[in-house]
Amino acid sequence: MADQLEDFRAQTRAWLEENCPEEMRKPVRDEEDVYWGGRNASFKNDAQKQWFEACRDKGYTVPDWPKEYGGAGLSPAEAKILRQEMARIGARPPLSSFGIWMLGPALLKFGTEGQKQRFLNEIAAGEIRWCQGYSEPGSGSDLVSMQTYGEDKGDHWVVNGQKIWTSYADEADWIFCLVRTDKDNKYQGITFMLFDMAGEGVSTKPIKLISGNSPFCETFMDDVKVPKTYGEDCPAYVGEINRGWDVAKYLLGHEREMISGAGGGDRTSAIGAAMKRNAGELDPVLRAKLAMFDVEALAYGAMGEKFLDEMKAGKGHPAQPNMMKYVGTELNKRRHELMMSAGGSRALEWESEETNGGKGARGWLRTKANSIEGGTSEVMLNVVAKRILELPGA
């Protein structure tokens with residue numbers, strides 16, 4: 001087995017050297033460096049297109065998904081080697097997608113074969129871009145108090161309501177949305193629906209944050225007609241009608257892994273290398289803080305790998321994503337605080353070309369939302385206290 005994995009590592013390393021363009025081995029600089037796919041997507045350059053298409057054809061946009069659903073069918077050990085080898089050369093993810101990070105795992109567990117064949121293959125090929133319809137005004141942490149309602153009309157629902165903080169809703173093709181279908185049952189009256197954002201009655205409005213920009217949107221549904229099915233064995237809902245909360249809870253675990261950093265990106269990566277060029281200008285106390293952050297980031301990365309291995313082996317604690325989300329959030333906020341401290345007054349610059357339009361300051365302000373999105377830090381700590389530490393309730 002060990003020899004087989006070493007052979008796989010050698011083959012993977014050779015494949016990456018041949019197929020990953022040099023441009024795709026550089027850190028992400030702006031939003032255009034990230035490829036999200038979808039029916040209106042366009043590539044920034046030929047290198048981005050080449051890298052995506054090579055990974056799509058190899059199944060490496062979703063390497064651990066089964067081959068029949070667009071993946072490469074890699075074992076957990078092989079998928080880990082691929083992640084390590086991509087990290088070794090600094091390769092960018094070929095495709096970023098809420099379909100990969102959140103909806104895909106939910107469909108793999110709860111979806112019908114028809115849903116898997118259609119939606120998972122579309123996700124893996126970058127043909128469809130999804131957004132998430134969970135939070136509502138007044139229903140954030142207390143999500144089951146949501147009021148968006150789907151009236152049953154026999155072969156379809158008529159959905160009315162509003163969602164908020166729907167990231168990239170103005171760019172998305174479809175939405176996975178929690179809709180109340182039974183007003184008398186708080187938990188067993190929610191259905192997990194899938195529908196097209198281009199449908200009549202669906203509209204979005206961007207929300208601008210303190211950073212000056214934002215991926216967040218309000219999403220409005222006014223008499224939206226959602227069919228009960230999209231074809232043979234492909235219902236418009238995941239799981240069972242009125243049992244969508246089961247799917248929603250499972251998906252939230254994957255969302256929190258994504259926000260914690262397990263979904264990709266450098267939010268908890270080492271900061272020392274980024275500050276190396278002006279390390280001599282930093283005071284010893286700040287340098288010590290940078291070093292301590294790197295130690296904690298490396299420990300967090302190791303913990304994340306351990307949790308992923310346990311989860312894929314079916315041994316993970318269901319509350320682990322909550323812990324990862326909280327720690328990842330705090331590390332990301334500290335990372336940006338340290339970068340601002342190291343940057344001095346220049347880090348506060350807002351508009352110049354030299355600072356890429358104040359990227360550092362805007363990124364720092366953006367992290368303030370990390371402790372709210374995907375479940376507030378207070379809720380995460382409560383879950384850890386009750387379900388991992390088994391502390392008594394108040």
Side-chain angles (χ1 to χ4, degrees), residues 36-37 55-56 59-80 82-83 93-134 143 167-168 172-178 190-194 234-235 237-240 243-265 304-325 328 373-375:
W36 287 86
C55 288
R56 177 200 61 194
Y60 280 179
T61 58
V62 284
D64 54 353
W65 287 11
K67 291 183 178 181
E68 60 266 33
Y69 306 140
L74 299 188
S75 68
E78 290 171 333
K80 184 174 183 178
L82 177 61
R83 291 197 305 272
L95 176 65
S96 293
S97 169
F98 295 147
I100 293 174
W101 301 326
M102 294 189 281
L103 179 61
L107 286 175
L108 284 168
K109 183 172 178 65
F110 295 97
T112 65
E113 185 60 27
Q115 287 175 327
K116 293 174 183 178
Q117 288 289 348
R118 173 178 174 174
F119 294 122
L120 292 181
N121 278 289
E122 289 180 343
I123 291 168
E127 296 172 355
I128 186 170
R129 183 170 179 176
W130 291 85
C131 64
Q132 176 190 33
Y134 271 31
L143 191 56
S167 300
Y168 299 107
D173 304 320
W174 281 57
I175 185 171
F176 47 95
C177 189
L178 294 183
I190 296 171
T191 300
F192 190 104
M193 293 187 189
L194 313 173
C234 190
Y237 54 93
V238 181
E240 301 176 28
R243 293 296 300 268
W245 187 238
D246 299 337
V247 183
K249 287 190 296 182
Y250 181 80
L251 185 146
L252 279 171
H254 289 273
E255 179 190 15
R256 286 160 184 165
E257 287 173 13
M258 176 195 71
I259 294 173
S260 73
E305 288 290 341
K306 177 177 180 290
F307 283 176
L308 283 173
D309 289 344
E310 290 176 345
M311 182 183 69
K312 292 186 183 300
K315 299 179 180 179
H317 192 290
Q320 282 176 346
N322 302 78
M323 183 165 65
M324 290 291 293
K325 193 272 179 180
E373 58 195 343

Fill in: Ring center gap for Trp245 and Phe192 short of 6.0 angstrom
no
Note: Pro66 and Leu108 closest approach over all heavy atoms is CD-CD2, 4.2 Å
Output for pair (Lys80 NZ, Asp309 CG), nearest 0.5 Å, gives 4.0 Å
SG of Cys177 to CH2 of Trp130, rounded to nearest 0.5 Å, is 11.0 Å
Smallest heavy-atom separation, Ala106 atom then Val247 atom, equals CB-CG1, 4.0 Å
Got a donor-acceptor contact below 3.5 angstrom from the Asp173 side chain to the Arg129 backbone?
yes
Review point. Would you find a donor on one side and an acceptor on the other, under 3.5 Å apart, between the side chain of Thr61 and the backbone of Leu95?
Key: no
All heavy atoms of Gln320 vs all of Glu310, minimum pair found to be NE2-OE1, 3.0 Å
Do Leu107 and Thr112 touch side chain to side chain, with heavy atoms closer than 4.5 Å?
no
CD (Glu240) and CG (Asp246) are apart, to the nearest 0.5 Å, by 8.0 Å
What one should report as the nearest heavy-atom pair of Cys131 and Ser167 is CB-O, 3.6 Å
I want to check something: taking the side chain as every heavy atom from C-beta on, are Phe176 and Met193 in contact at a cut-off of under 4.5 Å? no
Between Tyr60 and Pro94, the two heavy atoms sitting closest are O-CG, 4.2 Å
Interatomic distance, CG@Leu251 vs NZ@Lys109, rounded to 0.5 Å, equals 12.5 Å
> Counting only N and O atoms by type, is there a donor-acceptor contact under 3.5 Å from the side chain of Asn121 to the main-chain atoms of Gly70?
Replying inline: yes
Heavy-atom distance under 4.5 Å between the side chains of Phe119 and Leu194, does that happen here? yes
Can you label the angle between the Tyr168 ring and the Phe98 ring as parallel, tilted or perpendicular, going by 30° and 60°? tilted
Open item on the list: Using side-chain heavy atoms (C-beta onward) and a distance below 4.5 Å, is Trp65 in contact with Ile123?
Closed with: yes
Main-chain N/O of Pro235 paired to Gln115 side chain as donor or acceptor, under 3.5 Å:
yes
On a heavy-atom basis, the closest approach of Arg83 and Glu305 is NH2-OE1, 2.8 Å
Interatomic distance, CZ@Arg56 vs CD@Glu127, rounded to 0.5 Å, equals 8.0 Å
dist Tyr69:OH -> Lys116:NZ (nearest 0.5 Å) comes out at 4.5 Å
Under 3.5 Å: donor-acceptor pair, side chain of Glu78, backbone of Ser75: yes
